[in-house]
Each structure stands twice: as structure tokens, then as C-alpha cells.
Amino acid sequence: MLFSLAAVLFTACSKKKDDVIKEPEVSLDLKLAASATFGSVITDGTGKTLYCFVKDANSASTCVDGCLITWPVYYAENATPPVGLNAADIATITRADGTKQTTYKGWPLYYYAGDKGKDEIKGDGVGGIWFVAKPDYSVMMASQQLVGHDGKNYTADSKEGVGITVYLTDAKGRTLYAFTPDTFNKNNFTKPDLSNNAVWPIFESEILNIPSVLKKQILQ
């Protein structure tokens, strides 16, 4: 009788111990999630929201040191894209500190420490320079030192000098330009036969989504 009771207790304890030891498997692969506010957003495999930083437009991860406390790096080796994302848009970079980071369309991806659980998107728009990662931005923003064709540094007012400027890029971080002689809704540069399109190609994109600090109405 004592033996049977001991066996029962041992079995019960063993089962409880196994339940504690076995942790659920966590997937860091990319996913798409639906947000009532932001539409389709990119998350890791657990549903944790991912973000991009406007200072990373040249595919270099510029969030370092104390910045990483608030914005931890996201990295998943050979991240598997969900339906809706192109595998060719997903890559890995090596940061200056030697660690790896996953990128989407050239934008290094980060978490936001203020998001305590999945489905939270509290980091969008922080400082006007952090935005939730989305699969369908029409344009993005960059924050960099402007360098002219002459190799000199320029400020936002087109004067020679040092200073960070916020400007528009395409979804992959490639700089967009304006032509001074253009007028409202009229292209005065491109020839009808597109013969001068090789150097200054027209930027064409569906008007889908833009960073939350911009007004969609300004894009036509």
C-alpha cells in the first residue's frame, strides 16, 4: 500500500516537473498582423511589433549604445517570410558591433521596449523618426546629412554646411528629388519619349501607406 502511494506521488510530481521544464517553442520568423489603426504591420513570429528608424535609410543600423535599450535589435537567422512579403526583400546585415540584424527592404528592424505584449504598437511616431514596419509604404522618410553632387555637405535650406535633414525616400530608402522648374502637378523635365529618364527616372508608386507623421492627402 505504501509502495502504491509513493508511486502515485512520484508520478504526479514527475508530471508537474515536466510541465514546468517544457517551454513553448517561440518562432522569430516574420509575420503580418492586422491593426485597426495601422493596417498591415510586420511582427516577429510571436506577434511582437517591429519598427524602422529614419536614420537607417542607407541600410546601416545607426541605433547604438543607449538607444538599444529602448529599441532592441530584431534578428532571426534565415527568417521565413509570410504570404504577402517577398523573400528578396528580407536580408541580414552585420552591425558595427559585429552583431546581426534582419532588414526589410533595406530597413533594419527593431523592437520597442514600450510594447509589453504582442499587438501593441506604442513606438510609432516616437520623436518623429521611428515608424512601425509595414509591407506597403509608398514613400518613407530619411534623416541624414545631405551631400551634394559636388561632394560637399549641405543643410536643409540648400546652403553649404553641416546639419541633419529629414527628406523623402522610396520604400527602399532611395532618395527622392524635386526639379525646381516643375510646377504644381506638372512635370517640366521628362521628355515625352522618356529619353532623359535614364538619369532622372520618374518615381511611380501606388498611393498606399506613408509614415504616420505625413499627410496622405499631399501625395497624388
Phe179 and Trp200 aromatic centres sub-6.0 Å: no
Main-chain N/O of Ala113 paired to Lys116 side chain as donor or acceptor, under 3.5 Å: yes
Side chain proximity check, Trp130 to Asp124, heavy atoms < 4.5 angstrom: no
Minimum side-chain heavy-atom gap Asn196-Thr190 below 4.5 Å: yes
In one Ile/Leu/Val/Met/Phe/Trp/Tyr side-chain cluster, 4.5 Å: Leu214, Phe38: yes
Residue pair Lys152, Val147: steps toward the side-chain contact (heavy atoms from CB on, under 4.5 Å) verdict: CA-CA 6 Å; Lys152 297 179 181 179; Val147 181; over 6 Å; no
Between Thr169 and Arg174, a side-chain donor and acceptor under 3.5 Å: no
Any donor-acceptor N or O pair under 3.5 Å, side chains Lys134, Ser40: no
Pair Thr43-Lys118, side-chain hydrogen bond (donor to acceptor under 3.5 Å, both in side chains): steps then yes or no: CA-CA 9 Å; Thr43 75; Lys118 67 177 184 179; over 6 Å; no
Side-chain heavy atoms of Ile202 within contact of Asn187, under 4.5 Å: yes
Closest heavy-atom pair and its distance - Ser35, Val41: CB-CG1, 4.4 Å
Pairwise side-chain contact, Thr92 with Glu77, heavy-atom cut-off 4.5 Å (strictly under): no
Minimum heavy-atom distance between Tyr137 and Val132, given as atom pair plus value: OH-O, 2.6 Å
Asp115 (side chain) donor-acceptor with Gly117 (main chain) under 3.5 angstrom: no
For Tyr110, the option from Asp56, Thr70, Thr49 that meets side chain to side chain donor-acceptor pair (under 3.5 Å): Asp56
ILVMFWY cluster, Leu176 and Val213 together (side-chain gap under 4.5 Å): yes
Side-chain touch Ile90/Thr102, heavy atoms, less than 4.5 angstrom: yes
Residue pair Ile121 / Thr37, side-chain heavy-atom distance below 4.5 Å: no
Contact summary for Ile93 and Pro108, nearest pair of heavy atoms: CD1-CG, 3.9 Å
Greater than 12 external heavy atoms within 6.0 Å of Lys55's NZ: no
Cluster check Tyr154, Val166: I/L/V/M/F/W/Y, side chain < 4.5 angstrom: no
Phe203 reachable from Met141 in the ILVMFWY side-chain graph, under 4.5 Å edges: yes
Passing option when Asp44 is tested against Tyr75, Tyr74, Tyr111 for side chain to side chain donor-acceptor pair (under 3.5 Å): Tyr111
Parallel, tilted or perpendicular: ring planes of Tyr51 versus Tyr112, cut at 30 and 60 degrees: perpendicular
Heavy-atom pair of closest approach, residues Gly106 and Ser59: O-OG, 3.1 Å
Student check: side-chain heavy atoms of Lys31 and Ile42 closer than 4.5 Å: no
Co-membership, hydrophobic cluster, residues Leu168 and Leu146, 4.5 Å side-chain: no
Side chain to side chain, Leu68 and Cys63, heavy atoms closer than 4.5 Å: yes
Heavy-atom pair with the smallest gap, counting every atom of Met140 and Trp107: CB-CZ2, 3.7 Å
Non-hydrogen atoms of Val73 and Gln101 that approach each other most closely: CG1-CG, 3.5 Å
NZ/NE/NH1/NH2 to OD/OE distance under 4.0 Å, Lys191 and Asp193: no
